[in-house]
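Taking it in order: structure first as structure tokens, then the write-up.
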Amino acid sequence: MATPVRLYDSLQQQKVAFTPIVPDRVGMYLCGPTPYAPAHIGHAYSAICFDLIRRALIFLGYQVKFVRNITDVEDKIFNASAAAGEDWLTWANRYADAYNADMRMFGVLPPDVEPRVSTHIDQIVAITQRLIERGKAYALDGDVYFEVASFPPYGRLSGQSLDDLQAGSRVAVDERKKSPFDFALWKGAKPGEPSWPSPWGPGRPGWHIECSAMSATHLGETFDIHAGGKDLVFPHHENEIAQSQGAHGDETFAHHWMHNGFLNFDGTKMSKSLGNVLGCNEIAAAVGPEALRFYFVSHHYRSPIDFEIEGPRDADGKIVDPRFPALEAADRRLDYFYATLRRIDEFVAAGGDGGEGALVPEAEKLTGEAREALADDFNAPIVVAALGEAAKVANRLLDEGKGLDKAVRRRSLARLGRDLRAVGWALGVLGDDPVRYAHARRARLGKRRGLDVAQVQALLEARAEARKAKDFTRADAVRGELTALGVEILDTPAGTDWRVVEPAIAVGA
RNA sequence: GGAGCCGUAGCCAAGUGGUAAGGCAGAGGUCUGCAAAACCUCCAUUCCCCGGUUCAAAUCCGGGCGGCUCCUCCA
């Protein structure tokens with residue numbers, strides 16, 4: 001049986017007990033991207049937050065069906081592809097593929113179903129028709145609008161009344177509509193835009209209806225969890241509720257709503273107009289994709305997350321060669337975990353896992369602690385702390401073996417290695433091979449430093465010779481040269497290993 | 001104008017009624033030819049401020065102050 005979970009439900013605005021519709025199974029829908037440009041780290045944050053929740057549910061024993069859509073019929077796609085003189089669907093597909101490649105890089109599991117608007121037009125037309133039949137929508141000059149007044153609970157999710165919205169409206173009012181808040185389910189075709197036939201003439205879906213249609217198609221009219229970025233609460237999710245319940249009944253649709261916090265830069269939201277949008281690749285090249293993931297899961301998914309950017313500034317105050325201190329710290333911490341795993345692996349490989357039997361008590365705590373923390377609204381930061389404790393125990397066992405039964409020590413370390421990986425999986429980290437990770441990290445940092453590996457090797461050999469000859473003055477001098485290059489020496493009984501450290505951050509005025 | 005979030009050590013960050021997790025940085029130590037790594041010890045009588053409720057509050061309530069967001073496309 002799966003571990004009972006408490007989660008924060010944005011509709012009820014409190015932590016509630018999660019009761020799946022079918023025991024031990026979860027149907028989950030996440031609003032996916034509109035692929036018209038390369039993905040930025042805001043996309044990654046949302047995807048990673050809910051990938052974490054999905055993995056945590058699986059870790060806790062649930063069978064999860066995870067649906068994440070691709071909104072491939074949308075103005076932004078039409079505009080961008082038209083400007084480039086390319087077919088809109090080809091354009092959307094290319095960016096959808098790029099999005100998926102980026103998310104894979106960040107350890108996001110592919111969705112079980114990835115529905116696209118372009119292949120669900122029939123379902124969208126059907127649900128629109130049903131809304132008209134039920135008196136919740138009206139056709140108007142080839143468009144179809146949802147009539148907000150027909151759905152009294154409107155505004156419940158975002159905690160606003162229609163009156164409040166009316167008062168502060170900044171929307172350009174379309175006079176034909178019955179209410180300014182009525183929104184389009186179907187938009188009549190405009191010249192040069194793709195369109196599909198419908199009972200109201202050729203046209204295409206409005207923005208919100210696709211999620212109502214696709215969630216019902218793949219998860220049913222009623223399902224467990226609907227998730228998305230906090231920014232989607234209004235109007236997108238509000239409208240989804242109105243459409244779905246309008247079409248299928250008041251008790252239908254998502255049992256729980258979950259929203260992740262915003263991603264900010266130096267305290268301000270990321271937005272294209274501010275020019276502070278950061279691409280996925282830029283981050284991956286700087287600190288490695290897993291460090292970004294580790295940084296994200298070190299924060300609770302509902303908290304806003306802030307990026308610091310530092311670096312020398314040019315005359316206009318714009319940062320050149322941006323650095324991300326927090327992400328670099330995450331990268332170093334990740335390196336600690338992988339180094340610990342590597343030590344464990346080598347120890348177990350050399351002498352076995354000790355077979356069955358008793359363990360040191362600290363070596364069997366991790367999984368239980370992780371389960372408890374994840375079951376309480378997916379508290380990943382607590383899990384990260386528990387991982388740290390487990391790694392510390394492992395390093396201690398590796399350093400100090402005396403006074404301890406040999407088999408107990410081996411078993412404990414083998415267990416810690418397994419549990420670190422199992423719990424790491426739940427967070428989407430520590431899945432790489434430690435040796436490969438170390439090499440990739442060294443290569444990445446070496447590249448950033450412009451390191452000449454042959455030169456490093458030569459210096460390492462020179463130092464080894466000097467040490468062999470007990471010429472420690474010379475050995476230390478060579479190490480000084482290496483340090484200046486950013487190379488850190490790690491002497492071990494097995495030989496000398498090395499790694500690259502990040503350069504100090506120069507903060508410009 | 002309406003709605004909401006947030007404010008915990010030098011920094012990052014959990015905790016949301018029972019007496020402040022964890023990480024980074026810092027100090028000391030073990031180990032080491034010396035280092036690095038790893039490990040050990042120390043590092044918030046206190047959670048923006050002021051009132052209130054309570055046996056008990058960082059956590060609940062009221063009032064301030066400060067920061068952010070949504071109401072328009074946005075992950």
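In what follows, chains carry the letters A, B, and so on, assigned in the order in which the sequence lines appear, proteins first and then strands, with residues in each chain numbered from 1.
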Partner of [N] by Watson-Crick or G-U wobble geometry, both contacts under 3.5 Å, or none?
| N | result |
| --- | --- |
| B:U53 | none |
| B:G1 | B:C71 |
| B:U16 | none |
| B:C31 | none |
| B:A58 | none |
| B:C47 | none |
| B:A25 | none |

Chi angles and distances behind the side-chain hydrogen bond (donor to acceptor under 3.5 Å, both in side chains) call for A:Y437, A:D335: CA-CA 8 Å; A:Y437 174 86; A:D335 186 52; 4.9 Å; no
Distance-only donor-acceptor check, side chains A:D72 and A:Y95, under 3.5 Å: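 Absent: no donor and acceptor within the cut-off.
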Applying a 4.0 Å non-hydrogen cut-off, can you work out what [X] is touching in the nucleic acid: base, sugar-phosphate, or nothing?
| X | result |
| --- | --- |
| A:G229 | sugar-phosphate |
| A:E389 | sugar-phosphate |
| A:L232 | sugar-phosphate |

Cationic N near anionic O, under 4.0 Å, [X] to [Y]:
| X | Y | value |
| --- | --- | --- |
| A:D143 | A:K177 | no |
| A:D75 | A:K190 | no |
| A:R442 | A:D497 | yes |
| A:R479 | A:D491 | no |
| A:R436 | A:D432 | yes |
| A:E502 | A:R332 | yes |

Nearest-Å distance for atom pair [atom1]/[atom2], residues [X] and [N]:
| X | N | atom1 | atom2 | value |
| --- | --- | --- | --- | --- |
| A:H236 | B:C70 | NE2 | P | 17 Å |
| A:I305 | B:A13 | CD1 | P | 8 Å |
| A:E400 | B:U30 | CD | C1' | 9 Å |
| A:H299 | B:G22 | NE2 | P | 17 Å |
| A:E372 | B:A14 | CD | P | 18 Å |
| A:L366 | B:G22 | CG | P | 15 Å |
| A:D306 | B:A75 | CG | P | 19 Å |
| A:R333 | B:A25 | CZ | P | 10 Å |

Measure all distances between protein nitrogen or oxygen atoms and nitrogen or oxygen atoms of nucleotides 34-38 of chain B, and list the pairs falling under 3.5 Å.
from: B:C34; atom 1: O2; to: A:D476; atom 2: OD1; distance (Å): 3.4
from: B:C34; atom 1: O2; to: A:R479; atom 2: NH1; distance (Å): 3.0
from: B:C34; atom 1: O2; to: A:R479; atom 2: NH2; distance (Å): 2.4
from: B:C34; atom 1: N3; to: A:R479; atom 2: NH1; distance (Å): 3.0
from: B:C34; atom 1: N4; to: A:D491; atom 2: OD2; distance (Å): 3.2
from: B:A35; atom 1: N1; to: A:D491; atom 2: N; distance (Å): 3.2
from: B:A35; atom 1: N1; to: A:D491; atom 2: OD2; distance (Å): 3.3
from: B:A35; atom 1: N3; to: A:R479; atom 2: NH1; distance (Å): 3.4
from: B:A36; atom 1: O2'; to: A:E488; atom 2: OE1; distance (Å): 3.4
from: B:A38; atom 1: O3'; to: A:N395; atom 2: ND2; distance (Å): 3.3
from: B:A38; atom 1: O2'; to: A:D399; atom 2: OD2; distance (Å): 2.5

With rounding to the closest Å, how many angstrom separate the [atom1] atoms on [N] and [M]?
| N | M | atom1 | value |
| --- | --- | --- | --- |
| B:C6 | B:G62 | P | 15 Å |
| B:G23 | B:U69 | P | 32 Å |
| B:C40 | B:U46 | P | 28 Å |
| B:G33 | B:U41 | C1' | 26 Å |
| B:C70 | B:C55 | P | 44 Å |
| B:C11 | B:A44 | C1' | 14 Å |
| B:G10 | B:A3 | C1' | 36 Å |
| B:A20 | B:C42 | P | 15 Å |

Of the candidate nucleotides [options], which contains the atom at the shortest distance from the side chain of [X]?
| X | options | result |
| --- | --- | --- |
| A:F472 | B:C70, B:A75, B:G33 | B:G33 |
| A:N264 | B:C68, B:C24, B:A75 | B:C68 |
| A:K76 | B:A75, B:A21, B:C73 | B:C73 |
| A:F181 | B:G22, B:A13, B:U72 | B:U72 |
| A:N379 | B:A14, B:C73, B:A75 | B:A14 |

First of A:Y295 and A:L263 reached from the 5' end of RNA chain B, by closest nucleotide: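 Its nucleotide being nearer the 5' end, the pick is A:Y295.
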Each nucleotide N or O in nucleotides 3-7 of chain B that has a protein N or O under 3.5 Å away: list the pair and distance.
from: B:A3; atom 1: O2'; to: A:S158; atom 2: O; distance (Å): 3.4
from: B:A3; atom 1: O2'; to: A:G159; atom 2: O; distance (Å): 3.4

Side-chain N,O (A:H300) to OP1/OP2 (B:A14) below 4.0 Å: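 Checking B:A14 against A:H300, no side-chain N or O comes under 4.0 Å of OP1 or OP2.
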Whether over 12 other heavy atoms sit under 6.0 Å from A:R302 CZ: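 Yes, the 6.0 Å shell around CZ holds more than 12 heavy atoms from other groups.
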Stepwise salt bridge (charged side-chain N to carboxylate O under 4.0 Å, His left out) test for A:E346 and A:R342: CA-CA 6 Å; A:E346 284 166 359; A:R342 183 173 180 173; 3.4 Å; yes
A:Y295 and A:F307 aromatic centres sub-6.0 Å: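 Yes; A:F307 has its ring centre under 6.0 Å from that of A:Y295.
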Heavy-atom side-chain contact between A:V108 and A:R293 under 4.5 Å: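 A side-chain contact under 4.5 Å exists here.
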